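Small disclaimer: the values here were computed from a predicted structure and weren't measured.
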Amino acid sequence: MAEAGGGRPGRPVDGTGMGKIAMVRNKTAAPQQITAEQLLREAVDRQEGEAVAPKQRIVDEDELQMYRVRKRKEFEDVIRRQRQNIGAWTKYAMWEASQQEFRRARSIFERALHVEYQNVSLWLKYVEMEMKNKFVNHARNLFDRVCQLLPRVDQFWYKYAYMEELLGNYAGARVIFERWMEWEPEDSAWLQYSKFEERCQEIEKGRQVMERYVNCRPTQLSFTRLCKFEERHGNIARARSGFEKGIELLGAELDEKFYIKFAQFEQRQSEMERAQAIYKLALDVLPKGASDDLYRAYVSFEKQHGDRDAIEEVVLNKRRFIYEESIAKNARNYDAWFDYVRLEESCGDVSRIREVYERAIANTPPATQKRFWRRYVYLWLYYALFEELQAGDLSKTRAIYDGLIKVVPHKLFSFAKIWKAYAEFEVRQLDLDRARKIFGRAIAECGKERIFLDYADLEMRLGNIDRCRKIYEKFLEAHPHNPKAWNVYVDLEDSVGEMDRARALCDIAVNQERLDMPELVWKRYIDLEVSHDEFEHARRVWLRLLSKSNHVRVFIAYSEFEAITCQDMPRFREAMEKGIRHFKSENRGDERAMLLEHWLKLERDHGDEKSAEAVEKRQPKRVKKRRPIAGEDGPNAYEEYMDYVFPDDQPEQQNLKILEMARAWKKRKLEGAS
């Protein structure tokens, strides 16, 4: 047996032959699959029902006594094991009460109270048992006991007073309320006392209760309830005096809701002037941030009973407070200053507008970086425009511009717009000498492109051509590499009919060793010649450009000039042949294909059919090729790329024929298969 099993006696025999760790070698799916849903359904079907205790019928007194003894023993065992379990005590007592054993039930409740007399639910169950079975005196005794032991639990006082009221013992209920009020309870207790007196039709006693309530708890809520009580019973004078007394005693503690209720009370009494005075008093007393609802209520009141000026004043004050609050958080929030200034300008108060502007421009940006100064500069400009156009104070306007120029650090950066605005202001005052001095100072301190253009535009409008030439000369001295400086000077000479001067300027410009965007100058030179129908001069300029630049765009533009502008197709074809030979020599297939495509398009539009067919035969074909990729050990991989095959290339002609033969063979093969 030991040899067959290979294990100890008494231990099950290992039939797998794989030892302790039996690995499953066949991991294929079983032929019959069982889902989790099937397992759960089968478990539910096989589940046995819960054991239900049989119903017991008691037929005589002896069986009843045995049942009671058994239940009492069970309850006693439970409370002996779990003495602090108040739920067990309660169940025991309620069972005894259900058996009409009230003395036993009271005994059990008393035993439970010895365990935990502060348990509110236990007292409530005890009292509920007495009241349900109409033991009124027992319930009164219990209420007296619990109100002495737990006087801060309002629920017992409520139930005690409510029980006496249901029994019609109003004097007893009033005594209970008086005992309760000696403890100075919460607001709801006083309110219940007052409502009790109202139900008893004792309005005067209810009023006395509300007055005692206000004296005991002088809060906003108590005064509001007192005034509501007086208004409900028609005593308007006492209600108004209650509101006034609340404002007198609790002035700093009141919020907007109290004033709104006071004003609404006056509105209900048709005292609109008193209501308006209350709203204004509240707006003056309360902090602006805590009176949003008050503002809305006041605006609504003014819309119904006030005039337009009063409404606008309320809205303006609200907006002013919002802007002041935003500025207090961040004095360099220039957008808030702009909105604030627009608000004041809409009101038209010059002194207030100036005050806001002065406060705004006093907040200079913290860093000497231009992006921080962009919004700030506009404050000065708007201030100057306000003084000039609305206030009409020209000396003040000039002082504002001078102050702005002093504030901006021109050695680090400057703004052309401020110099232009200052100069245009002087032009509007017909002081041209001062305007020229401003532009001259701007050229010295700022030297931006915009300054030269604006200065030249001013002199051009005045008809001073010589001054314009001097300005553009200064422009070229300051910015010799800027093509716009050359172009505007050429435009000036062209506009006054000085063709030779304009051509000379263009020659000088294109001969510069360095230009930021030289193609702009070349284009202006060519456009100048073309605009005066000097096609030979223009052609020479094109040839000079081609001698310096062989870009494909230059060949395309030159070909369009010959084909469209000059309508000289032989020269056009010569230019295209030159470009194609150039790109062929440099092995630049993309540019060569682009030129051929452009050539075909222009031949179709402006040439003849024979030339178009000849060019169309020279169009390349795109083919897919492979080339080796260099690796660490040599070219061990290949990548595919698209290339052009040109019919003009003789070495490639054979490859092209092979491709055509392969396509024909494939076509024949497909036709034979079909």
Side-chain angles (χ1 to χ4, degrees), residues 52-53 55-56 58 61 63-193 195-196 199:
V52 180
K55 291 184 179 180
Q56 183 178 3
I58 299 174
E61 186 70 23
E63 289 185 6
L64 178 61
Q65 292 298 329
M66 291 175 63
Y67 166 71
R68 288 176 176 174
V69 169
R70 185 173 69 254
K71 290 293 290 184
R72 287 182 184 126
K73 186 175 184 305
E74 291 175 0
F75 280 120
E76 291 290 344
D77 291 341
V78 171
I79 60 178
R80 186 166 53 250
R81 288 194 301 269
Q82 301 177 358
R83 181 176 174 79
Q84 301 297 327
N85 188 358
I86 301 300
W89 290 98
T90 304
K91 289 180 181 179
Y92 190 8
M94 298 306 292
W95 180 81
E96 291 289 359
S98 67
Q99 300 296 319
Q100 303 297 316
E101 296 285 349
F102 298 110
R103 295 183 63 185
R104 286 180 176 275
R106 293 189 189 102
S107 174
I108 294 165
F109 273 120
E110 294 294 337
R111 289 166 60 192
L113 290 174
H114 282 293
V115 174
E116 187 179 354
Y117 76 94
Q118 293 182 341
N119 192 301
V120 176
S121 62
L122 180 62
W123 283 102
L124 290 175
K125 292 286 185 181
Y126 195 180
V127 172
E128 183 182 354
M129 187 267 292
E130 298 289 4
M131 289 193 297
K132 184 188 296 184
N133 295 285
K134 300 182 181 180
F135 297 114
V136 177
N137 290 328
H138 282 284
R140 283 179 179 146
N141 293 335
L142 286 175
F143 275 124
D144 287 333
R145 286 172 59 192
V146 73
C147 288
Q148 290 179 359
L149 291 172
L150 305 173
R152 291 298 181 186
V153 181
D154 296 341
Q155 195 172 6
F156 298 122
W157 294 102
Y158 282 130
K159 286 185 173 293
Y160 195 6
Y162 184 60
M163 184 188 74
E164 295 294 349
E165 186 179 357
L166 288 178
L167 295 172
N169 186 9
Y170 300 116
R174 190 173 289 112
V175 171
I176 294 167
F177 273 116
E178 289 295 336
R179 287 173 54 193
W180 190 8
M181 296 305 114
E182 291 176 0
W183 291 94
E184 297 183 357
E186 298 292 332
D187 301 78
S188 58
W190 293 95
L191 201 61
Q192 291 296 328
Y193 191 7
K195 289 182 178 179
F196 164 74
R199 289 194 297 272

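- Atom CD1 of residue I58 and atom CD of residue Q65 lie 10.0 Å apart, to the nearest 0.5 angstrom.
- Heavy-atom neighbours of R103 CZ from other residues, nucleotides or ligands within 6.0 Å: at or below the threshold of 12.
- Between F135 and F102, the angle of the ring planes goes over 60°, which puts this pair in the perpendicular group of the 30/60° scheme.
- Using a 4.5 Å cut-off on side-chain heavy atoms (C-beta onward), N169 and R140 make contact.
- Smallest separation of non-hydrogen atoms from A97 and M129: CB-CG, 3.9 Å.
- When W183, Y193, F177, F143 are each tested for a side chain to side chain contact (heavy atoms under 4.5 Å, CB included) with W157, only one passes: W183.
- The environment of R83 atom CZ is sparse: at most 12 non-hydrogen atoms of other residues, nucleotides or ligands sit within 6.0 angstrom.
- Between Q99 and R104 there is no side-chain heavy-atom pair separated by less than 4.5 Å.
- Proximity of the aromatic rings of Y158 and W180 is defined here by a centroid distance below 6.0 angstrom, and this criterion is met.
- Using a 4.0 Å cut-off between a side-chain N of Lys or Arg and a carboxylate O of Asp or Glu, E96 and R111 do not qualify as a salt bridge.
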Worksheet item: How far apart are the C-alpha atoms of K125 and I86, what are their side-chain angles, what is the distance that settles it, and do they pass the side-chain contact (heavy atoms from CB on, under 4.5 Å) test?
Response: CA-CA 11 Å; K125 292 286 185 181; I86 301 300; over 6 Å; no

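- When all heavy atoms of A105 and A93 are compared, the pair lying nearest together is CB-O, 3.5 Å.
- The shortest side-chain heavy-atom distance between L142 and H138 does not fall under the 4.5 Å cut-off.
- Residues Y92 and E76 are in side-chain contact: their nearest non-hydrogen atoms beyond the backbone lie under 4.5 Å apart.
- Between D77 and R81, none of the side-chain N atoms (NZ, or NE/NH1/NH2) sits under 4.0 Å from a carboxylate O, so this pair counts as no salt bridge.
- With contacts defined as side-chain heavy-atom distances shorter than 4.5 Å, the pair E116/L122 does not qualify.
- To the nearest 0.5 Å, atoms CD (Q192) and CG (D154) are separated by 10.0 Å.
- Between V127 and K159 there is no side-chain heavy-atom pair separated by less than 4.5 Å.
- For E63, there are no salt bridge (Lys or Arg N to Asp or Glu O under 4.0 Å) partners, not counting sequence neighbours.
- Contact annotation: the side chain of E74 never approaches that of W95 to less than 4.5 Å [non-hydrogen atoms, C-beta and beyond].
- Ring geometry, W123 versus F156: the interplanar angle exceeds 60°, so the pair is classed perpendicular (tilted spans 30 to 60°).
- Here the side chains of I176 and M163 are not in contact, with every heavy-atom distance at 4.5 Å or above.
- Between E164 and R174 there is no salt bridge, since no side-chain nitrogen of the basic residue lies less than 4.0 Å from a carboxylate oxygen of the acidic one.
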Worksheet item: After noting the C-alpha distance and the side-chain angles of I108 and R72, does the key distance pass the side-chain contact (heavy atoms from CB on, under 4.5 Å) rule?
Response: CA-CA 11 Å; I108 294 165; R72 287 182 184 126; over 6 Å; no

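- Note: L149 CG to Q118 CD = 9.0 Å, rounded to the nearest 0.5 Å.
- Nearest heavy atom pair, residue P185 against residue W190, reads O-NE1, 3.5 Å.
- Taking OG from S121 and CD from Q155, the interatomic distance works out to 10.0 Å, rounded to the nearest 0.5 Å.
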Discussion item. Between R179 and Y160, does the side-chain contact (heavy atoms from CB on, under 4.5 Å) criterion hold? Intermediate values first, please.
Written reply: CA-CA 11 Å; R179 287 173 54 193; Y160 195 6; 4.1 Å; yes

Discussion item. Between W89 and Q84, does the side-chain contact (heavy atoms from CB on, under 4.5 Å) criterion hold? Intermediate values first, please.
Written reply: CA-CA 9 Å; W89 290 98; Q84 301 297 327; over 6 Å; no

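- Note that CD of E184 and CD of E182 are 10.0 Å apart. Values are rounded to the nearest 0.5 Å.
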